[in-house]
A.B. asks: 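First the structure, which I've put down as C-alpha cells, then a few questions once you've had a look.
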Amino acid sequence: MAPSGKVFHGECFVVQDNIDTDQIIPAEHLTLVPSKPDEYEKLGSLALCGLPSNYPRFVCEGEMKTRYPIIIAGSNFGCGSSREHAPVSLGASGVKAVVAESYARIFFRNSVATGELYPVESEFSLSKEFETGNIVTLDLESNVLINHSQNKQYTLKPLGDAGPVIDAGGLFAFARKTGMISSASA
Amino acid sequence: MAMSINSSFTSAKGEGVESFLGNSLLSRTCPSSSSLCNNVRMKSVPKIVAVTAPPRPQERAPASTGSVKQAMTMTEKILARASDKGCLSPGENVWVNTDILMTHDVCGPGTIGIFKREFGADAKVWDREKVVIIPDHYIFTADERANRNVDILREFAHEQNIKYFYDIKDLSDFKVNPDYKGVCHVALAQEGHCRPGEVLFGTDSHTCTAGAFGQFATGIGNTDAGFILGTGKLLIKVPPTMRFVLDGEMPSFLHAKDLILHIIGEITVAGATYKAMEFTGSVVENMTMEDRMTLCNMVVEAGGKNGVIAADSVTFNYLEGKTQKSFEPVYTDGSARFNAEYKFNVSELEPVVAKPHSPDNRGVARECKDVKIDRVYIGSCTGGKTEDFVAAAKLLHASGQKVKVPTFLVPATQKVWVDLYTILVPGADGKTCAKIFEEAGCETPASPSCAACLGGPKDTYARMNEPQVCVSTTNRNFPGRMGHKESQVYLASPYTAAASALTGFVTDPRKFM
C-alpha cells in the first residue's frame, strides 16, 4: 500500500534502540499471512504489541489502526528476523514513516520492497529528544522533520534511490513501471 | 587482550551503480551507526563504454578467466559469477541468479500470495528444482492457522511440481512422515542443498548459516522471495567484507558458540550491518561443518548480510554422497581488501553468555554464577545439531549428576533425532546421547522443529508462558523472544547450557570438565 504524497503530519510514537522484529510483531502472530487482506488488517492491529509494558500502547484496545503515523526510533530499528510481517504490520496499522538513527538491513530492504512505509534516517538519534504524542510534520520533499510541540526542526538524510521504489508502491510496482516485468494481468 | 583490531578503512569502489531499472534499486547511503562502516554515498556515475572491439562471448565464465583484474573477496567473487560479471566491488548493485530459494511455513504462504498476485494465478516458478520448501516453524501445534499454512505449502508444491517439499501430514508422530525433515537451515545442509560458490536465498534471517559451505547465503522477505519465484533473480548490493581470523588452541570447554557470542559482544548487534563476515584462521580450518554452521548462523545477530567460510576438504567430505550437482568453490584473493580485520587468540577466551535482552550483551559465564535459572533449552538451527547434543551429553556424563531444572531437548531435524539414539558419545562407556540425557533427568527429546526458539503459538513445546529465566543454545534473546515478555534468556553454548542445568544457575562448563 503506497503512502500518498510526501508530507506526513500527526502524533509521533517514540521507541529506543534495537527494537527487534519480535517486539514489532511477536512470533506467535506470524501465522497471519500478509497477502490475505483480512489477516493483513489483523497484523496492523497487533503492531508493536511486543514492546515492554512500560511503553504506551501503539494501537489502542479494540482499534485496528494506530493514532501515530510517524515513529521516532534510535539505532538499529527492525533488527532480528527477516520476517516481512514487521514492516507490513506497521504499514497496515497506519504508519507512514519511521525516522530512525539507523536500520537493520533486512527490515530496511523489506520496507522498500513492500512499499509499506518510508524508512527515513535522521542525522542523529532523536529518540531521547522527542516524546510520544509530540505533533510532528515529516516532509520528504525537503527532508525536514518538524517537532511542533517542541518548536524544533531537524534535517533528515535523503532517501536516495529507495524513495522512488516506495513512491511507486514497492518492488513489483516499480519493476513494472520501469518495464522490468510485465503487468500481472499478462 | 585476546584480540587485536586492524581496521583498514578502504573506500568502497563501485560508484558506477548498476542502472538496470534506470535507477539503482535499493542503492542508498550506508547506515552510519557502526563506527567501522564505510560512509559511502551512492551516486549514479555514467559508465564508460570501451572504444575497442565489442566483447566477444567468452568460452569460460568471466570470473574464472586467467588474469585477476582486481583482487576480490569470496563474497565478491560469488556474486560476480552469479551476475555474469568479471569483477565487482562493494557497493555495486547487481542482479544475481539464484541457485536455491528456500521458504518455510511462516513466510511461504505470504511469498506464494505475492507470487500469484504479481505473476498471475497460473504462473509457474522459474525452476521447480531450485525451490526448497521446508515446513519447520509452527508444526506440532493445534493452532489452526499454523496448520493451514502447511496445507498452503502442500497445495503450491503439488501445483508447481516442486521437487523438494519436505511435507508433514501426521502431526501426532513426526516419525511416520518420511519426507519431513525439520529446521530448515540444518535440513538444507543435511540434504545437500548447500554447495560452495552458489547463491542461496531463504525467507528466514538464519539463512546465513549456509555460508559455512563457502557460498553466498542470506535472508530475505516475502516480496523479494516472490520476485525470485517468478524470475530467478534478485537485485543485491555487494557487501564489503569484515574478516575474522581465529587462531590458537581451542580449549576443550570452549565451543564455536562461545566464539560467535564473543565476536558479537565485541562488534555489537549492528557491527556488521550490510557487511559480509568472513571467518578464517587455523581454528576455523580445524572446525567441523556443524561448528562452522554455528559461526555463520549468528552473523545476522551482528547485523551481517552474510557469513562465509572457505570450502576445504572438511566441506567436500561432508558433501560426499549428499549432492549430485557439481560445484565450483571460489576463494578470497591474497590481496583482497577488507573493511576491517579482527584477530582472536582463542586460547585466551572463556565461555561466555549473552545476557538478557540482547545477543551482544556479552558476559563471562563464570561471572554469572549467581543467576538462578528456571530451565534450560537445547535446540534450534544454532544449537540443536547432532554435535551440539553430543557436547551437552559429554558434559552431563562427565559430571555423573542429574539436572536440577527442566532441561528441554529439541533436535533440529529427524536425522538429528535419530543420531541421539544411535551415536555413541565418545568417552561415555558406549552410551548414546539419549541414554545419557535420560539418566541425567532431562526431558525426552521432542519432535524436531523450531519449537520455542521464537516462542510461537501458546501451545508450542517448551515455550515460556511465564516470566522465567532460561539458558538456551538458541540465537536471540530480545524481550519476549521465547514467549513471555518478562522472561529472560541467556544465550549459551551447549556446554554452558548443560553445566547450568546441573546447578540451576548460569554455570561455567569448566566446573564439570
Side-chain angles (χ1 to χ4, degrees), chain A residues 18-23 26-28 30-36 39 50-53 75-76 79-88 101-110 112-115 121 157-162 164-165 170-172 174-181 184-186, chain B residues 17 20-29 31-33 42 106-107 109-110 112-114 117-120 137-138 143 145-146 148-149 152 202-205 207 219-224 226-227 230-231 269-270 273-274 300 303 305 358 454-458 476 478-481 483 485-486:
Chain A
N18 298 321
I19 300 298
D20 77 296
T21 46
D22 281 308
Q23 293 180 72
E28 65 187 285
L30 297 184
T31 50
L32 295 163
V33 174
S35 53
K36 290 182 182 295
E39 296 185 17
L51 284 174
S53 327
S75 62
N76 205 23
C79 60
S81 168
S82 63
R83 65 188 72 150
E84 214 167 71
H85 303 68
V88 165
E101 189 192 350
S102 63
Y103 294 90
R105 66 156 211 103
I106 311 181
F107 177 87
F108 183 91
R109 196 184 163 103
N110 285 343
V112 176
T114 56
E121 274 186 306
K157 293 187 183 174
L159 278 167
D161 293 308
V165 182
L171 172 64
F172 280 98
F174 186 78
R176 227 169 264 122
K177 198 168 158 183
T178 50
M180 166 67 181
I181 57 176
S185 55
Chain B
V17 176
F20 201 107
L21 299 176
N23 250 319
S24 332
L25 192 64
L26 304 175
S27 156
R28 58 186 288 276
T29 52
S32 54
S33 56
M42 290 290 111
V106 162
C107 295
I112 292 165
I114 290 172
R117 185 186 74 205
E118 302 294 344
F119 292 100
H137 273 57
Y138 303 152
D143 187 297
R145 265 202 306 263
R148 170 207 67 180
N149 290 345
I152 292 175
T203 57
D204 191 275
S205 61
T207 305
I220 57 176
N222 298 356
T223 301
D224 280 338
F227 195 91
T231 65
V269 288
T273 301
Y274 279 96
V300 65
K305 185 164 185 137
S358 177
L454 71 162
K458 292 267 185 345
R476 288 204 270 264
F478 295 113
R481 171 72 178 172
K485 266 191 219 186
E486 266 96 63

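Lettering follows sequence order; numbering is per chain, from 1.
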A.B. asks: Give me the ring orientation class for B:F227 and A:F172: parallel if the planes are under 30° apart, tilted from 30 to 60°, perpendicular past 60°.
C.D. replies: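 Tilted, since the angle between the ring planes falls between 30° and 60°.
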
A.B. asks: If you measure from CD on B:E486 to OG on A:S53, what distance do you get to the nearest 0.5 Å?
C.D. replies: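 The distance works out to 4.0 Å.
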
A.B. asks: Let me know if B:T207 has heavy atoms under 4.5 Å from chain A in its side chain, its backbone, both or neither.
C.D. replies: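 No part of it gets close to chain A.
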
A.B. asks: What part of A:L51 gets closer than 4.5 Å to chain B, counting heavy atoms only: side chain, backbone, both or neither?
C.D. replies: backbone

A.B. asks: Side chain, backbone, both or neither: which part of A:K36 has a non-hydrogen atom closer than 4.5 Å to chain B?
C.D. replies: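 Only the side chain of A:K36 comes within 4.5 Å of chain B.
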
A.B. asks: Between B:G219 and A:S82, what is the shortest heavy-atom contact and its length?
C.D. replies: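 Closest heavy-atom pair between B:G219 and A:S82: C-CB, 4.3 Å.
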
A.B. asks: When only pairs under 4.5 Å are counted, which of B:T203, B:V269, B:V300 shares the most heavy-atom pairs with chain A?
C.D. replies: B:V269

A.B. asks: Just so I know, are the side chains of A:S102 and B:T273 near enough to count as touching, which here means a heavy-atom distance under 4.5 Å?
C.D. replies: no

A.B. asks: Sequence neighbours excluded, which residues qualify as ring pair (Phe, Tyr, Trp, His ring centres under 6.0 Å) partners of B:Y138?
C.D. replies: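 Residues passing ring pair (Phe, Tyr, Trp, His ring centres under 6.0 Å) with B:Y138: none at all.
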
A.B. asks: In Å, rounded to the nearest 0.5 Å, how long is the span from CD1 of B:I220 to CZ of A:R109?
C.D. replies: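 CZ of A:R109 is found 7.5 Å from CD1 of B:I220.
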
A.B. asks: How long is the gap from CG on B:D143 to CD on A:E28, to the nearest 0.5 Å?
C.D. replies: 9.5 Å

A.B. asks: Quick check on B:K305 against chain A: is it the side chain, the backbone, both or neither that has a heavy atom closer than 4.5 Å?
C.D. replies: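 Contact with chain A: backbone and side chain both.
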
A.B. asks: Could you look at A:I106 and say if it's the side chain, the backbone, both or neither that has a heavy atom under 4.5 Å from chain B?
C.D. replies: side chain

A.B. asks: Test side-chain contact (heavy atoms from CB on, under 4.5 Å) on B:L454 and A:R83 and set out the steps.
C.D. replies: CA-CA 12 Å; B:L454 71 162; A:R83 65 188 72 150; 4.2 Å; yes

A.B. asks: Considering residues at least two apart in sequence or located in another chain, which fulfil the side chain to side chain contact (heavy atoms under 4.5 Å, CB included) criterion with A:S35?
C.D. replies: A:V33

A.B. asks: Let's test your reading of the structure: which of A:P87, A:A104, A:G80 forms the most heavy-atom pairs below 4.5 Å with chain B?
C.D. replies: A:G80

A.B. asks: Are any of the side-chain heavy atoms of B:C107 and A:E84 separated by less than 4.5 Å?
C.D. replies: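 Heavy-atom side-chain distance check fails, nothing below 4.5 Å.
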
A.B. asks: Is there side-chain contact between B:K485 and A:P26, with at least one heavy-atom pair below 4.5 Å?
C.D. replies: no

A.B. asks: Among the options B:A146, B:G221, B:G113, pick out the one with the most heavy-atom pairs lying under 4.5 Å from chain A.
C.D. replies: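 The option with the most such pairs is B:G221.
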
A.B. asks: Output the option from B:G303, B:G455, B:P479 having the highest count of non-hydrogen pairs under 4.5 Å with chain A.
C.D. replies: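 If we count pairs closer than 4.5 Å to chain A, B:P479 comes out on top.
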
A.B. asks: Which atoms of B:I112 come close to chain A, meaning under 4.5 Å heavy atom to heavy atom: side chain ones, backbone ones, both, or neither?
C.D. replies: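 Contact with chain A involves no heavy atom of B:I112 at all.
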
A.B. asks: How long is the gap from CG on A:L171 to CD on B:E118, to the nearest 0.5 Å?
C.D. replies: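 A:L171 CG to B:E118 CD: 8.5 Å, rounded to 0.5 Å.
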
A.B. asks: Would you mind telling me which of A:H85, A:E39, A:K177 has the largest number of heavy-atom pairs within less than 4.5 Å of chain B?
C.D. replies: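 When all of A:H85, A:E39, A:K177 are compared, A:E39 has the most.
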
A.B. asks: Could you check B:R148, B:H137, B:R145 and say which one makes a side-chain contact (heavy atoms from CB on, under 4.5 Å) with A:T31?
C.D. replies: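 Testing each of B:R148, B:H137, B:R145 against A:T31, the sole residue satisfying side-chain contact (heavy atoms from CB on, under 4.5 Å) is B:R145.
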
